[in-house]
Amino acid sequence: MSTLDTHTADPRRWLALPVLLTGAFLPILDFNVVNLALPSIRQNLGATSSEIEFIISAYAATYAVFLITGGRLGDLFGRKRMFVTGVAGFTLASALCGLAPTAGVLIAARILQGLTATIMAPQVLASIRVLFPPSEQGRALALYGATFGFANIAGQLLGGALVSFHPLGFTWQAIFLINVPIGLVAFVGGLAFLRDSRAEQAQRLDVGGVVLLSIALGLLVYPLVEGRETGWPMWIIAMLVAAPFAFALFVRFETRLTASGGSPLVEFALLREPGFAVGVAMAFALYMLSSFYLTFSVYLQGGLHLSPLQAGLATLPYAVAYFLASLVSASVTARLGKFALTVGFALQVVGFSVALLAVAGTLPGGLDVGLAVAGLGFGTVMPSVIKAVIGGVAPKHAGLASGIVISTFQIASALGVAIIGGVFYADLGVGHDEAAFGHAFAVALGCNVVLLVVGGALSLFLPGQPRPFGKATSTGASRS
């Protein structure tokens, strides 16, 4: 195959970028829209409570567990090939979801969606990493971050609208079938505009590492997703206890494989890259914030008795501010350097503190303002965290690093929902009035603020002058 010098700008890179961003948009959209359709799915398919839970968790757990493997597949077999394969598979799985006659078929199709998303999503960051010159990668990553904000807005508004207005006679099916035309456009665009890239030297997939890492992540992620809903039975707790031992076994296996000259699934040398470990820790603290979406939605619908569409509209101050801040984050980072992250975390701390006081009744009318300020902070931090994590990584490991970043987001999201969501429901107790929901939401916001303070403190430990994206480590620059 033809190769592309990672230091030479691809002439079609700005045509390829919207295609790649579509691949980032679809998985996030699916996370948001399905929650608004659950009552309709339950009624139409006669689904049980456990089946409804699995419709959400089967996708989330599969997506989190196999992301690192998906990133590695792009490094080894070509990022364009894996991207278009993932898009095609995700589009097919979405059609199967929309046409599912039973809850069991829908759960199986959701698992297929999660698997194909793990093939598609890591290639987005990895391809940006190798297609764009260092001077343009900040702008491209800002648009990547803005895509998350746009997906959140679309998920809330589009999900509520599709379920409410029944286009072409569909109800819940529409939230999945909408992916089909989007996926087809991305598939054709991927074939037309993407240039392939991969690690320079051919390597074999570390099957043993894939199996061990999948087991370890499964033992961690599944209990986090299902624990609260199942009441934390002993078998769930046993899985969590076993998870550290499974990770230790994986690390030992990978270390031995590296020592013997093999090609491990995860290169632990990445942890020595400037800013990589700190960036991953910041990403983890940042994305535990995902509990905010759960607790805010429950507060709005359970405490204030808003409809799903009204609840979606109530998140707009946060989502719109996030989207707008993402668009200018590259210029902010260029001016402030690593301190853009500190400022972004500080904005989130201030914004959520204002929202907390508003919900508690101390600062009436401050909720929308607080959410908007917090959204500005998140939009500033999101692209910068990604840059901090993958900025100094050698191009041949771009897919692996991207998989680690997105997997960190998903694991942190599950952990945030499990822990902070648990705090929310524990505080709520048997209360069903607005005051009880408001107090529980304020406590959950307080937990988020503490995590954001930790993230801001971590940002101070980043290298002052991170290396340009195009630089490699001892491996040198690779061709793709």
Side-chain angles (χ1 to χ4, degrees), residues 2-25 71 74-75 79-80 83 121-150 186 189-190 192-198 200 273-276 279 283 322-341 344 379-399 401-402 405-406 462-473 476-480:
S2 62
T3 61
L4 175 66
D5 191 316
T6 57
H7 295 281
T8 302
D10 186 316
R12 295 185 297 179
R13 62 196 181 279
W14 291 109
L15 293 173
L17 185 61
V19 177
L20 291 168
L21 295 183
T22 303
F25 173 83
D75 289 341
R79 296 173 188 120
K80 174 179 177 177
F83 179 82
Q123 317 315 328
V124 178
L125 272 176
S127 296
I128 290 173
R129 170 70 178 80
V130 299
L131 292 179
F132 285 82
S135 61
E136 295 179 349
Q137 287 190 14
R139 200 184 333 160
L141 287 174
L143 291 171
Y144 176 83
T147 299
F148 278 67
F150 180 62
F193 300 123
L194 290 185
R195 290 282 298 273
D196 215 350
S197 62
R198 68 177 77 185
E200 183 181 39
E273 295 282 357
F276 185 83
Y322 164 23
F323 177 70
L324 295 176
S326 298
L327 296 177
V328 300
S329 64
S331 59
V332 172
T333 302
R335 288 177 177 271
L336 300 180
K338 72 171 187 177
F339 295 107
L341 280 163
T380 302
V381 169
M382 181 70 175
S384 301
V385 164
I386 296 169
K387 181 177 179 179
V389 176
I390 73 170
V393 174
K396 73 172 186 176
H397 295 315
S402 300
V405 173
I406 307 174
L462 285 171
Q465 295 294 331
R467 291 173 302 158
F469 280 7
K471 302 291 184 183
T473 55
S478 68
R479 285 182 177 271
S480 314

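The minimum heavy-atom distance between Ala142 and Ser329, with the atom names listed, is CB-OG, 3.3 Å. Minimum interatomic distance between Gln123 and Leu20 (heavy atoms only, all atoms of both residues): O-CD2, 4.3 Å. The shortest non-hydrogen separation linking Arg79 to Val130 is NH1-CG1, 3.6 Å. Between Lys80 and Gly190 the shortest heavy-atom distance is CE-O, 3.4 Å. Of all heavy-atom pairs between Ala283 and Val385, the closest is CB-CG1, 3.7 Å. Nearest heavy-atom pair across Ala16 and Leu194 is CB-CD2, 3.5 Å.
With hydrogens and angles disregarded, no donor-acceptor distance shorter than 3.5 Å links the side chain of Arg129 to the backbone of Val124. In this structure a side-chain-to-backbone donor-acceptor pair under 3.5 Å is present from Ser331 to Val328.
With sequence neighbours excluded, the residues that form a side-chain contact (heavy atoms from CB on, under 4.5 Å) with Val19 are Phe83, Phe193. With sequence neighbours excluded, no residue satisfies side-chain hydrogen bond (donor to acceptor under 3.5 Å, both in side chains) with Thr380. Phe323 meets the side-chain contact (heavy atoms from CB on, under 4.5 Å) test with Ala146, Phe150, Ile153, Leu327; sequence neighbours excluded. Scored by the side-chain hydrogen bond (donor to acceptor under 3.5 Å, both in side chains) test, Thr333 finds Ser384 as partners (sequence neighbours excluded).
Distance check: Leu125 CG to Tyr144 OH gives 4.0 Å after rounding to the nearest 0.5 Å. Atoms CZ and CZ, on Arg13 and Arg195 in that order, are 12.0 Å from each other to the nearest 0.5 Å. Between the CG atom in Leu462 and the CZ atom in Phe339 there is a gap of 9.5 Å [rounded to 0.5 Å].
Looking at heavy atoms from C-beta onward, Leu17 lies out of side-chain contact with Leu131 at the 4.5 angstrom threshold.
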Run the side-chain contact (heavy atoms from CB on, under 4.5 Å) check on Phe132 and Arg139 step by step: do they pass? CA-CA 10 Å; Phe132 285 82; Arg139 200 184 333 160; over 6 Å; no
When you look at Thr147 and Thr22, which way does the side-chain contact (heavy atoms from CB on, under 4.5 Å) test go after all the steps? CA-CA 8 Å; Thr147 299; Thr22 303; over 6 Å; no
